[in-house]
Structure formats: structure tokens, C-alpha cells
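All of these numbers come straight from a predicted model, not from anything done at the bench.
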Amino acid sequence: MSYFRYQSAFVVPLTVTCFIFSSLSTQVASVDTDSLKGLILLVSSGHTSIKNSFPNDLYADASYWPDGLDELTIDGKDQMYSLGQAIASRYEDFLPDNPHQVYIKSYDDDSCLESAEVLAASVFPPQGRWDWNENLKWQPIAVHSFTDDILGTNSSNTILAERVSRIGSSAAANQILLMHQNLLSIIQEQTGWNPVNITNILTLHDVLNTETFASLTLPAWLNDTLMNELRQTAAELAHLIYGDEVVQKIVSSPLFNQIGTFTKSISSSIQSEETSSSSPNESESGGDDSNQPKVFILTMKQEKLLSFIATSKLNSSYLIYPSEGSCIAIEISKDASKGSYFNIVYKSGFNMSQDWQPLQSAYCEESDCPMADLVKLIQSHESDKTDFSGISLSDKPVPPPKQPSPSPSPSDHSAFIYDKLDDLYPINGISPLKARSSSGWNIFMIVVLCIAAAIIVLLAIGMLISRQNGRRRNDYDYL
């Protein structure tokens, strides 16, 4: 028995060690802040009270929403503060103390502006000489507000409304709705909408998510199976709408124009930094611009973030329907061996304990993508148009969402199970999110550690056997 006890004393730590290190290899790779040169954060405003609802909604009355309709709630403020802490944790060694090295731009509505302010307070507490008041761990950071369509969508845009209506009657939309006939029948019977269109489904999804976040009891007819199917259906329809070429020109192009401007600013800063490092005299004479922004934050409406995801074709094995308070980070880096490269990661607003998730664009499905691929992505969706009244609505038919395999039958489709990733929805049962592994060096170290642990176990077993043989010889000599 002592032999097995002695062996297990080494085997158990070996098993635990290998498990821990192998699990680390499935997490999103940590950012190399030494190589990081610029950061663009696309942030959906935090949790708000409902704006629209359905006819039979028990919580449509304003008395349930003490902050007012379509306003940032207390939970939303806490959500944005937690997101700020997650950003500060990931980019701790990169974030500047100087508030002038941060540029924040917000859509001009209360929820977006307040979200930007709470986020800034969380990410950038005053440090050093910027700590101007010992009783207040906060510093003012300018938030630039805009009423244009860069960060919001104009609901009164008749061209957009007409295009969405056209998408709703397209063959691609009918294909999705056909797979959810039972769900549509229940929605029509219980909500008071008759008939039910794709806009109704998206509204219902957002309203129920908002009420869930506010800890309100959902209707009795809405069981877990129906809620899971509603989430999946809404994600498919949303990507169908925002994947449309005309919708992208109206909704996404202004955002890509802004991201393109920030990307050029970061590239310019990289070039200036290289020039300064190669010309010490120029640096000493004031060539260093200490107020050049290197962190850019855009707070926007939820549908604008969704439009960026759909337009960029981020990931193909699952659909992302970003919840309120979600964040996409575009990390722009440069080092001697790789040159300029970028990564895109995603943080869910529903579950702040969930780690950052890696995203790959259709233009580059690897990590550390060449900067040229990001430029190509941006340029392919930029537009110099500010007036979209000339867009033709008779463009080519709207394609269905990209699917890696044939669509399942309606009976199979109802079996989708919501997997607690909150706003990541699998396509045709494919496991949502296969996080890329860490670098090859990490994997090599895991293998080395496991081999070393195995050698230690074998040596321990050998020592034990040798000790037992020695005891037998002593017993024999005694006899």
C-alpha cells in the first residue's frame, strides 16, 4: 500500500499540472504590450431601459423603469465600469496616464454619452501629476459627441427602412422564418403582433434580454427552449440585415471611415516613433508629441456594433449578436520580426467573468494578421458618400448568412441549446468559439513540463522500488 501511496503523491500533482497548463493553451493569447502601438475600442452602450416593446408586454409601463425609457440604468453603469476594469486589466502596461493620449468619441444620446463617461472613469483613474484631487479618484477626459451616423443609425432614414422591409420579404429571410414556424405562431398569439415580421422578432429579442437583465420575470409562455430559439433566430436575421450590401453602405461605411482615420493616426505615430528613435537629436529638440492619442474609444448604439461584426464577417462558426456593454478591441502592434500586425478580440457585455475571445476577419483567419489585411478590410467598406439617397434598392438579391454546412431541417433546428456564452450563437450546431491556442512557445513549454513531471514520477517510483529491495535484503541478512 505504501508503494501506491508514494506513487499517487507524484501522479496527482502531475495530472493537475498538465491539466492546468493544457487549459491555459485554449485561452485567448495575452496581448504583448511591448509591441502594442495603438488600440481602437468599439463599445456598445451599457444596459438601458426599454425603448420599444410589444403590445402585450407587462413591463411596457414607465413605472417599471425609474431611470426613464431608453436611458442608462444603474446596472448599465455598473456594467460599463466592470468593462472598464476588464480593459484596464488586459492593457494595463499600455494604457497612458496622460488623458490627452486618449480620444473618446460618442454617439450623441444620453446612454452612449454616460456609458463613455463611466468607462473612461474606470479605465483611466488619475495617476501621478494627473491625480489632481486626493478626495476624488477621477479625472476629466473629453468625450466628443456627434449626431451623425458614424456611431448611431438614423431610424428616420426612409431608404434604410425600405431596404430592411425588402430584406424581410426576401427568399433568404423566408428560409430562416420557415425553420421557425412554431416560434412565429407563438409570438403572434402571445405578443399581439399580427402578422409578425423580422423587425418584430429583433425588437422582442432585445426587449426580453433587457427585462432579463433587469431581473424582471419573463412571461410564462416563454420557456427556455423558446427563448433559446428566439435568440438564435434574432441572430440569424440580424446578420442577414447587416450583411446586406446596401445596409452596409448606409450603416457601416461611416463607422469604417472613422476607424480608417484612427488607423492612419496610429500608423503615423509608429512612423514618428521610429524616426525619433533613429534621430536622437530630433527627439531632444521636441520631436516627440506626448499628446498624440494612442487609445481611441468609440461608444455607439448596439446595432452599430452589430453592423461592424456582420460587415467584417468576424468568425464563421458562430454568429455574434452583441449584447449591451460589449466591446471589440482592434489591437495594432509592431515588432522587428513580424512588422506591423493586428488582432481583434471581443468582450461580452452579458458575462463580465468571461474572458476576451479572439475574432478573425474573413480577410485574415489567423492571429497576428499583417496590417495590410486590416487596411484592405477598412478600404473595402469605406465610402466618401454622405448622402445615400442615390442608392438603388434593386441591387442583387440579399444572400443568406454564410453557413458552413447545409441548413438543418426545422425539427433539428429547434434543438439548438443556448450554451451560456450569452451572445455567441452556433451555426448549425457547430460549437461556438474555438479559441485559438497560445503561441507555439507556450505549447512547447507545456510539453516540456509534462515530460519533466513524468521523469520525476519515474525516478520516484525507481527510488521506492530500490528502497523496498534494500529492505528485503536487510531482512534476508537478518534471517
Side-chain angles (χ1 to χ4, degrees), residues 38-52 67-81 83-84 87 95-96 98-126 130 136 138-157 160 250-266 291-308 322-330 349 378 382-388:
L39 183 63
I40 302 174
L41 300 173
L42 312 179
V43 181
S44 171
S45 60
H47 174 259
T48 63
S49 49
I50 61 172
K51 179 179 180 180
N52 301 310
D67 298 306
L69 300 182
D70 197 27
E71 295 289 346
L72 190 68
T73 64
I74 299 298
D75 288 333
K77 295 171 186 176
D78 183 66
Q79 181 187 35
M80 296 307 296
Y81 194 84
L83 174 61
I87 293 171
L95 297 174
N98 184 348
H100 299 301
Q101 291 182 327
V102 181
Y103 181 86
I104 304 176
K105 191 172 187 177
S106 170
Y107 182 61
D108 190 16
D109 87 334
D110 290 353
S111 62
C112 287
L113 288 168
E114 292 176 6
S115 294
E117 292 165 359
V118 175
L119 186 72
S122 179
V123 180
F124 304 105
W130 304 102
L136 183 62
W138 170 87
Q139 62 177 325
I141 299 180
V143 176
H144 305 268
S145 62
F146 289 82
T147 56
D148 54 27
D149 282 345
I150 293 176
L151 303 175
T153 55
N154 186 356
S155 59
S156 63
N157 188 317
L160 179 60
I250 299 173
V251 179
S252 303
S253 289
L255 177 58
F256 276 91
N257 289 344
Q258 183 66 79
I259 295 173
T261 300
F262 292 160
T263 302
K264 292 174 184 176
S265 176
I266 294 172
N291 289 332
Q292 179 70 24
K294 63 178 185 176
V295 178
F296 299 87
I297 301 177
L298 299 174
T299 56
M300 61 194 71
K301 304 301 288 183
Q302 181 183 7
E303 57 268 24
K304 181 66 77 166
L305 188 62
L306 174 56
S307 75
F308 174 82
S323 56
E324 294 172 308
S326 298
C327 175
I328 288 179
I330 304 174
I378 293 171
E382 283 181 318
S383 174
D384 56 2
K385 287 185 176 182
T386 56
D387 179 12
F388 297 98

Discussion item. Before you tell me yes or no, could you show the steps for E117 and W138 under side chain to side chain contact (heavy atoms under 4.5 Å, CB included), namely the whole-Å CA-CA distance, both residues' side-chain angles and the distance that decides it to 0.1 Å?
Written reply: CA-CA 11 Å; E117 292 165 359; W138 170 87; over 6 Å; no
Worksheet item: Given S265 and Q292, is the side chain to side chain contact (heavy atoms under 4.5 Å, CB included) satisfied, shown in steps?
Response: CA-CA 9 Å; S265 176; Q292 179 70 24; 3.0 Å; yes
Worksheet entry | Derivation of the side chain to side chain contact (heavy atoms under 4.5 Å, CB included) call for K51 and L69 | CA-CA 6 Å; K51 179 179 180 180; L69 300 182; 6.0 Å; no
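The structure places CG of L298 at 10.5 Å from NZ of K304, a figure rounded to the nearest 0.5 Å. Expressed to the nearest 0.5 Å, how far CD1 of I378 lies from OG of S253 amounts to 12.5 Å. Between atom OG of residue S111 and atom NE2 of residue H47 there is a gap of 11.5 Å, rounded to the nearest 0.5 Å. Interatomic distance, I297 CD1 to K105 NZ, rounded to the nearest 0.5 Å: 14.0 Å. Taking OG from S326 and CG from L305, the interatomic distance works out to 6.5 Å, rounded to the nearest 0.5 Å. To the nearest 0.5 Å, atom CD of residue E114 and atom CG of residue L119 are 13.5 Å apart.
A side-chain hydrogen bond (donor to acceptor under 3.5 Å, both in side chains) with T299 is found for exactly one of S145, S106, S115, namely S106. Shown are I40, V295, I330; of these, the side chain to side chain contact (heavy atoms under 4.5 Å, CB included) with I266 is made only by I40.
Here the shortest heavy-atom pairing between V118 and K77 reads CG1-O, 3.4 Å. Across all non-hydrogen atoms, the minimal contact from Q101 to P96 is OE1-CB, 2.9 Å. In this structure, F308 and I328 approach most closely via the heavy-atom pair CD2-CD1, 3.9 Å. The two residues W130 and Q139 have their closest heavy-atom pair at CB-OE1, 3.6 Å. Residue I104 comes nearest to V102 through the heavy atom pair CG1-CG1, 3.8 Å, listed as atom of the first residue, atom of the second, then distance.
I74 has its side chain out of reach of D78: every pair of non-hydrogen atoms, C-beta onward, lies at least 4.5 Å apart. In this structure the side chain of V123 never reaches within 4.5 angstrom of the side chain of L41, judged on heavy atoms. The shortest distance between side-chain heavy atoms of T73 and Q79 does not fall below 4.5 Å.
Side-chain atoms of Q302 come within 3.5 Å of backbone N or O of P322 as a donor-acceptor pair. No donor-acceptor pair under 3.5 Å is formed between the side chain of T48 and the backbone N or O of D70.
Every residue meeting the salt bridge (Lys or Arg N to Asp or Glu O under 4.0 Å) condition with D109, not counting sequence neighbours, appears here in chain and number order: K301. By the ring-ring contact (aromatic ring centres under 6.0 Å, His included) test, F124 is found to be paired with no residue, residues two or more places apart in sequence or in another chain being considered.
Ring pair F262/F296 is parallel by interplanar angle, where below 30° counts as parallel and above 60° as perpendicular.
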